J.: 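Sharing a structure below in C-alpha cells format, with a few things to ask.
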There are 2 protein chains.
Amino acid sequence: MSTTSRTLPNGRRPSVKDVAELAQVSLGTVSNVLNRPARVSTGTRERVEKAMSDLGFVLNESARQLRMGRSNTFAYVMLDATNPFFNDVGRGIELAAEEADLSLFLCNSDGRSAREAAHLEHLQQQRVDGILITPVDPDEPQLRRIVQQGTPLVIVDRANTSGQFCSVTVDDRLGGRVAIEHLVDRGHTRVAYVGGPSTMGQVRDRYEGARAAWDEAGLAESDLLHVETTTMSVEEGRVAGERLAGLPRRSRPSAVFCANDLVALGLLQQVISTGQRVPEDLAIVGYDDIAFAAGAAVPLTSVRQPRQALGRTAAELLIEETTEPDHEHQQVEFTPELIARTSTLG
Amino acid sequence: MSTTSRTLPNGRRPSVKDVAELAQVSLGTVSNVLNRPARVSTGTRERVEKAMSDLGFVLNESARQLRMGRSNTFAYVMLDATNPFFNDVGRGIELAAEEADLSLFLCNSDGRSAREAAHLEHLQQQRVDGILITPVDPDEPQLRRIVQQGTPLVIVDRANTSGQFCSVTVDDRLGGRVAIEHLVDRGHTRVAYVGGPSTMGQVRDRYEGARAAWDEAGLAESDLLHVETTTMSVEEGRVAGERLAGLPRRSRPSAVFCANDLVALGLLQQVISTGQRVPEDLAIVGYDDIAFAAGAAVPLTSVRQPRQALGRTAAELLIEETTEPDHEHQQVEFTPELIARTSTLG
DNA sequence: GAAGACGGTTGAAAGGTTTCAGGTCTGGAC
DNA sequence: GTCCAGACCTGAAACCTTTCAACCGTCTTC
C-alpha cells in the first residue's frame, strides 16, 4: 500500500539514484546492496533495503543489460506452439534454463518465415544470451548471420548442414523406416504417406526413410503414395482423409503413415466419421507420440521421440556454448522408437 | 559473408557510433536513418545503410529502451503451456499483438506461484509495456503491486475481485451449471465432479455452478461427489479414474464432470482400458473443448469456451489501457456453451 | 540584395545501471 | 605516537541510443 512509485515528483519510476538519496548513501552502495550484499554493513544495507521498498524500486533491466552487455535470458522460437510436441520440447528447455538461473522467452513462428525473421531480429536486438530454434528452414542465411554477429544459436529438431551450429535431432529417416517396416510386417502392400509441405525437412526425411524401407522390402515403387498437405494440423489431416476417400476403391491404400500425430488424429477422425474401421479398413501410424495419441478414438500407433530430452539437451549445449570458451559445435542425434497400438494392430 | 561484427578492434559489437564514423556522418543522422528515414537525403541514407550492413550492425534494444522508457512488448504468463486451451488463448493474444506491431513474449508459470513470481519480477524489470496473465491466484498481492508500480496488467480467464485490473473471463459457474443440467437431463442421479486443486478459482467456480444446478434439480446433496485431483493433467485424470473404480459398486457414479478436458481425456483412457463402456457404464463431460476432445476414443462432450476471442479481447483491453489516457478498467465476461458428443449421448 | 524559409545535419544531454580506482575511518601492532 | 590492514563507502566513467536546439547552405521572395 505504501509502496507506490507515485511519490516521485514527475511520473518517473524510482531509480537507484532516488534510492541512494533517500537512504543517504552513494549509487555505488545501492548497487552493492543489489549485487554483493556481503560487502555492505548490516545497518547500511537495511537502510537501503527500506528505501527500496518505500519507493517501490524496480531495477531497470535495460540499463543493467546495457552496462553488462548480457541478459541472462535464452529464447526458444517454436515452429508451432499449438503442437504439443513443441511444448514438450519447450518444457525440457525451460527446466534446464531454470536450473541454470536463466530466464526463457518463448516465441512462436507459426511456421511462417516472416514471423520467424521478425522474432529473431527482435531477440538479437534484445541481446538475449542465446537462441534455440526449430526453424522453418535450417539453411536460412539469417541463422548463420546471427551466429556470426555474436549470438549463439542451437537448432532443435533439425540437422544443420554446415556444422556452424550445435544441433539436436532425432533420426527422422530411421523414424520413417521403422514406421514403414511395421506396416510391411503387418502385410500392407499399398500405403500412403501423408504430410507436408515437403519444404519441411522433417517431412522429407521421414518420407525418405519410408521410401528406402519400402524399396528394400521389394514392393512396387508406385504403391507408396505421397499425399501432400499444406500444413501439419488436425484440420489438414481431415482434408487428407477426404482425398483418400475420393480415390477409386482399388487404388486406395490399406494403411497410412502420417508425418505427425496432429495429421494422424485429424485423418483418424475423418475416417471414423465416415464409418470406416481402423485398422481393419485403414491402418494408421502417426509420428511424435504426443500425449493425445494414446487416448485417441483408436489408440494411435506412433513413432515416439524423446521430446523433453531433446529440449533439455539443446539447452545444455547452448549453456555450454555461452560459458565454455573453447566450445566445439556438436550434433546430437536421438533415436526414435515405434510404439505400436490399436490403430495398426487391430 | 562480409557482414561480420569481428571487424571491430576488440570483440565489441558495432554501435551507431561505429556506423557514423564509417559513413562519415554524425550520430544523430544514423539515428534518423533508423527512425525517420524521410528526413535524410538519399545519398546520405544509402551511405549509412551500406555502413550498417558492412559492419553487421544490430541495434541495441536495451539502449533504445533505456532512452525511450518503453519496449513495445507485451508478455503473456501462461498457467500451463502444455494445455492446448492456453495455447489457443495465447494465439488470440499473439494475433492482436502482431496487428498492433507489438512483440509478445510467452512465459509459463506451470501452475507454480514461485515460477510465476519470478517471471513477473523479470518482466517488470524488463519494462514490458504490459502483462497478460492467467494467474495461479488472482488475489496475489504482487499483481496489484505491479500495477501500482506502473505496468498495466490484464487478467485472463479469472475474475478480479478488486476492480483494479481489466479482466476477461468466461462464466465458469454457468459452465458448471450447463454441464450438470445436461447430465441431469440424461437421467443421471449420481455424479462425480473431478478436478483440483480447489485453490484454483476455475475449479471452485465450476463446482459451485454444478452444485447449484444439482441442488435445484432436487437431487440428494451427497450424490454429487467431489473427487479432488492435485493438478489438471491427463495423468491425474487416469489416477482419478482408478479411484472411482475403487469405489464399492453401488456408490459408484454413473457420470463424471471433469474440470477440464485433459483430466477428462485421462479419465476416459483409464475407464476404457478397464473394459468399461462410455457412456453406457460411465458418461463423461469435459471442459474447454480443446481440439483433441472431438477426436478422443469416445468423442467428448465438453463445455466450450471462446478461447481465441478470450486472448484477443484481453490483448485489446491491454492495448487500450496502454494508449488511452482516460482508460477505465473493464470486466469482460464470455458465455460458455455445451457441446454434446458421444461421451454422454451414447 | 536582404530577409526568411527550408532541407539537411550536428553534437551534447539524458536515460539507469555497474565497475573500479580511490577515499575515509577504525582498531590493532609495534 | 605511528603505521597498516581492512572494512566500508564514494563518485566518475562507461554502456548505446534518442532527442532537440542550433547551425549551415541554398533557394525564394520582395
Side-chain angles (χ1 to χ4, degrees), chain A residues 5 8-49 51-52 55-72 122 124-127 149-150, chain B residues 5 8-49 51-52 55-72 122 124-127 149-150:
Chain A
S5 68
L8 255 4
N10 38 17
R12 244 183 57 245
R13 295 210 187 188
S15 72
V16 279
K17 197 165 147 200
D18 301 308
V19 174
E21 232 157 66
L22 183 60
Q24 313 252 49
V25 296
S26 75
L27 270 68
T29 301
V30 178
S31 178
N32 280 336
V33 170
L34 252 18
N35 301 303
R36 296 175 222 70
R39 282 208 198 157
V40 181
S41 72
T42 323
T44 313
R45 185 168 60 237
E46 280 165 1
R47 227 166 55 245
V48 172
E49 277 162 355
M52 287 192 191
L55 289 170
F57 169 78
V58 177
L59 193 134
N60 186 325
E61 185 67 24
S62 305
R64 164 181 261 167
Q65 275 175 222
L66 173 59
R67 178 59 231 235
M68 307 256 282
R70 41 178 292 121
S71 60
N72 290 315
H122 188 229
Q124 216 188 348
Q125 292 182 350
Q126 294 268 356
R127 299 288 192 270
Q149 293 177 346
Chain B
S5 68
L8 257 2
N10 40 19
R12 242 183 60 244
R13 297 213 186 183
S15 71
V16 279
K17 196 166 149 198
D18 301 307
V19 174
E21 233 157 67
L22 184 60
Q24 313 251 52
V25 296
S26 76
L27 292 177
T29 299
V30 178
S31 179
N32 280 336
V33 170
L34 252 18
N35 301 302
R36 296 173 224 71
R39 282 209 199 158
V40 182
S41 69
T42 322
T44 313
R45 185 170 60 235
E46 279 165 3
R47 227 167 54 246
V48 171
E49 277 162 356
M52 288 192 191
L55 287 170
F57 169 77
V58 177
L59 193 134
N60 186 325
E61 185 64 25
S62 304
R64 166 182 257 169
Q65 275 177 221
L66 174 59
R67 177 61 230 231
M68 308 256 281
R70 42 177 295 122
S71 59
N72 291 316
H122 188 227
Q124 215 187 349
Q125 292 182 352
Q126 293 267 358
R127 300 287 192 271
Q149 292 177 345

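In what follows, chains carry the letters A, B, and so on, assigned in the order in which the sequence lines appear, proteins first and then strands, with residues in each chain numbered from 1. Bear in mind that the values here come from a model prediction, so they are computed numbers and not experimental data.
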J.: Side-chain N or O of B/Thr29 versus OP1/OP2 of C/dT10: is the shortest distance under 4.0 Å?
T.: yes
J.: Between C/dT10 atom P and B/Arg39 atom CZ, what is the distance in whole Å?
T.: 14 Å
J.: Starting from C1' on D/dT18, measure out to CG on B/Asn60 and report it in whole angstrom.
T.: 13 Å
J.: Mind calculating the distance between CG (B/Leu27) and P (D/dC16) to the nearest angstrom?
T.: 12 Å
J.: Does the base of C/dT18 carry an N or O that pairs as donor and acceptor with the side chain of A/Arg67 under 3.5 Å?
T.: yes
J.: Should A/Thr44 be listed as having a side-chain N or O under 4.0 Å from OP1 or OP2 of D/dC9?
T.: yes
J.: Applying the side chain to side chain contact (heavy atoms under 4.5 Å, CB included) criterion to B/Arg45, which one of B/Thr29, B/Val40, B/Val25, B/Asn32 satisfies it?
T.: B/Val40
J.: Whole angstroms only, please: what is the CG-P distance between A/Leu59 and C/dG15?
T.: 17 Å
J.: So if I take every side-chain heavy atom of A/Ser31 and compare against C/dT19, D/dT17, C/dT10, which nucleotide ends up nearest?
T.: C/dT19
J.: What is the distance from CD of B/Gln65 to C1' of C/dT17, rounded to the nearest Å?
T.: 14 Å
J.: Report which part of the nucleic acid A/Ser62 touches: base, sugar-phosphate, or nothing (heavy-atom distance under 4.0 Å, all strands).
T.: nothing
J.: Quick check on C/dG16: is either OP1 or OP2 less than 4.0 Å from any side-chain nitrogen or oxygen of A/Arg12?
T.: yes
J.: Without decimals, in angstroms, what is the distance between A/Leu34 CG and C/dT17 P?
T.: 8 Å
J.: In whole Å, what is the span from the CZ atom of A/Arg36 to the P atom of D/dC9?
T.: 14 Å
J.: Supply the atom-to-atom distance A/Phe57 CZ to A/Leu22 CG, rounded to the nearest 0.5 angstrom.
T.: 12.5 Å
J.: May I ask you to say what B/Val30 touches in the nucleic acid, namely base, sugar-phosphate or nothing, with a heavy-atom cut-off under 4.0 Å?
T.: nothing
J.: C/dG8, C/dT17, D/dT17: which one has an atom nearest the side-chain heavy atoms of B/Ser41?
T.: C/dG8
J.: When A/Glu49 is tested against each of A/Val30, A/Val33, A/Val19, A/Leu34 for side chain to side chain contact (heavy atoms under 4.5 Å, CB included), which residue passes?
T.: A/Val33
J.: Please check the phosphate of D/dT18 (OP1 and OP2 only) for any side-chain N or O of B/Arg64 closer than 4.0 Å.
T.: yes
J.: Does B/Asn35 make a side-chain N or O approach to OP1 or OP2 of D/dT18 shorter than 4.0 Å?
T.: yes
J.: For the side chain of A/Ser26, starting at C-beta, report the closest nucleotide among D/dT10, D/dT17, C/dG16.
T.: D/dT10
J.: Between A/Asn35 and A/Arg64, do the side chains contain a donor N or O and an acceptor N or O under 3.5 Å apart?
T.: yes
J.: In whole Å, what is the span from the CG atom of A/Leu66 to the P atom of D/dA13?
T.: 17 Å
J.: Apply the test side-chain contact (heavy atoms from CB on, under 4.5 Å) to residues B/Val58 and A/Arg127: give CA-CA distance (whole Å), side-chain angles for both, the deciding distance (0.1 Å), then the verdict.
T.: CA-CA 9 Å; B/Val58 177; A/Arg127 299 288 192 270; 3.5 Å; yes
